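As structure tokens, the structure follows; a few thoughts come after it.
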Amino acid sequence: MYALVRQIPAGRLATYGQVAELLGCWGRARQVGWALRRLRGPTDVPWQRVVNAAGRISFSPSREGSDWIQRQLLLEEGIEVSEDGRLPLRRYLWTPVPDAFLEL
DNA sequence: AACCTGACGACCA
DNA sequence: GTGGTCGCCAGGT
């Protein structure tokens with residue numbers, strides 16, 4: 001799962017459900033959230049690029065601030081995130097293997 | 001074992 | 001748009 005998330009380029013977004021589905025686990029978005037939650041401190045996994053399907057950052061007190069850090073990191077990647085975590089998901093949604101088109 | 005709690009999401013009112 | 005229900009499943013009590 002982390003390997004997949006690492007493939008999301010800076011400035012692009014993916015949803016929890018999308019990640020789950022790409023791993024062949026349709027309907028298991030919660031487990032993706034669970035896995036990302038385990039990341040603590042410095043990591044090479046760009047966890048901030050995974051948001052919920054509603055196009056919002058999933059805020060939760062249990063995240064102890066990582067939600068706001070997520071907002072900040074996304075802003076730094078050039079994504080416009082509103083004060084309450086809304087973001088233009090349509091415009092930045094990532095899809096794997098579009099490189100195949102470059103071969104044509 | 002029986003709840004409860006989530007970085008979730010599809011569906012419907 | 002928003003809000004509620006239900007399905008999902010790992011972990012904790």
Side-chain angles (χ1 to χ4, degrees):
Chain A
M1 199 218 79
Y2 295 140
L4 176 60
V5 173
R6 270 192 285 259
Q7 290 179 28
I8 306 173
R12 302 298 297 281
L13 300 169
T15 69
Y16 299 97
Q18 180 185 10
V19 171
E21 186 165 2
L22 287 170
L23 293 173
C25 300
W26 190 90
R28 299 185 205 184
R30 297 188 84 126
Q31 281 60 264
V32 173
W34 178 87
L36 292 181
R37 178 175 56 78
R38 302 193 1 152
L39 297 172
R40 305 252 194 191
T43 173
D44 60 335
V45 179
W47 51 271
Q48 72 272 22
R49 296 170 194 157
V50 185
V51 300
N52 65 36
R56 308 187 56 165
I57 288 176
S58 290
F59 288 98
S60 172
S62 68
R63 291 186 60 176
E64 302 174 340
S66 78
D67 39 12
W68 290 99
I69 293 176
Q70 178 173 21
R71 176 169 183 271
Q72 185 56 43
L73 291 173
L74 291 179
L75 285 173
E76 290 172 9
E77 293 188 3
I79 296 178
E80 313 104 48
V81 190
S82 69
E83 196 74 19
D84 60 347
R86 298 169 173 279
L87 38 83
L89 180 59
R90 306 308 230 349
R91 200 154 67 219
Y92 298 103
L93 190 61
W94 170 73
T95 51
V97 245
D99 295 6
F101 291 105
L102 299 178
E103 309 275 344
L104 300 180

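Here is the naming used below: chain letters follow the sequence lines, and residue numbers restart at 1 for every chain. Keep in mind that what you see is a predicted model, and the values were worked out from it rather than measured.
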Margin query: Under 4.0 Å from OP1 or OP2 of dG6(B): is there any side-chain N or O of S60(A) that close?
Written below: no
Next item on the list: Look at the side-chain N and O atoms of R63(A) and state whether any lies under 4.0 Å from the OP1 or OP2 oxygen of dA7(B).
Entry: no
Next item on the list: Identify the heavy atoms of S58(A) and Y16(A) that sit nearest to each other, and give their distance.
Entry: OG-CE1, 4.0 Å
Item checked: Least distance between heavy atoms, I57(A) atom then D67(A) atom -> CG2-O, 4.0 Å
Without swapping roles, check the side chain of [X] against the backbone of [Y] for a donor-acceptor pair under 3.5 Å.
X      : Y      : value
R49(A) : R12(A) : no
R71(A) : V81(A) : yes
E77(A) : P9(A)  : no
E76(A) : L73(A) : no
R86(A) : G55(A) : no

Starting at atom [atom1] of [X], determine the distance to atom [atom2] of [N], rounded to an integer number of angstrom.
X      : N       : atom1 : atom2 : value
D67(A) : dG6(B)  : CG    : C1'   : 14 Å
L87(A) : dA7(B)  : CG    : C1'   : 13 Å
R28(A) : dC8(B)  : CZ    : C1'   : 14 Å
L22(A) : dG9(B)  : CG    : P     : 13 Å
L89(A) : dC8(B)  : CG    : P     : 14 Å
N52(A) : dA10(B) : CG    : P     : 10 Å

Notebook entry, point to check: Does anything in residues 30-50 of chain A reach DNA chain C, meaning a heavy atom under 4.0 Å, and if so which residues?
Noted result: R30(A), Q31(A), W34(A)
Checklist line | Steps toward side chain to side chain contact (heavy atoms under 4.5 Å, CB included) verdict (V51(A), R56(A)) | finding: CA-CA 6 Å; V51(A) 300; R56(A) 308 187 56 165; over 6 Å; no
Notebook entry, point to check: Have Q70(A) and R63(A) got a donor and an acceptor in their side chains that come within less than 3.5 Å?
Noted result: yes
Notebook entry, point to check: Any side-chain donor paired with an acceptor under 3.5 Å for Q72(A) and Q48(A)?
Noted result: no
Considering only side-chain heavy atoms of [X], which listed nucleotide, [options], is closest?
X      : options                 : answer
S62(A) : dG6(B), dG9(B), dA10(B) : dG6(B)
Q70(A) : dA7(B), dC8(B), dC8(C)  : dA7(B)
W26(A) : dG9(B), dA10(B), dA7(B) : dA10(B)

Next item on the list: Using the P atoms only, state how far dA7(B) lies from dT13(C), rounded to an integer number of Å.
Entry: 15 Å
Please list, for nucleotides 3-5 of chain B, all pairs of protein and nucleotide N/O atoms separated by less than 3.5 Å.
none

Please tabulate, one pair per line, each protein N/O and nucleotide N/O from nucleotides 1-3 of chain C that are separated by under 3.5 Å, including the distance.
unit_1, atom_1, unit_2, atom_2, d
dT2(C), OP1, R86(A), NH2, 2.6
dT2(C), OP2, R86(A), NH2, 3.4

Check: Which distance, rounded to the nearest 0.5 Å, do you find between the CG of N52(A) and the CG of L89(A)?
Finding: 8.5 Å
Check: Given the side-chain rings of Y2(A) and W47(A), with only the six-membered ring counted for Trp, is the space between their centroids under 6.0 Å?
Finding: no
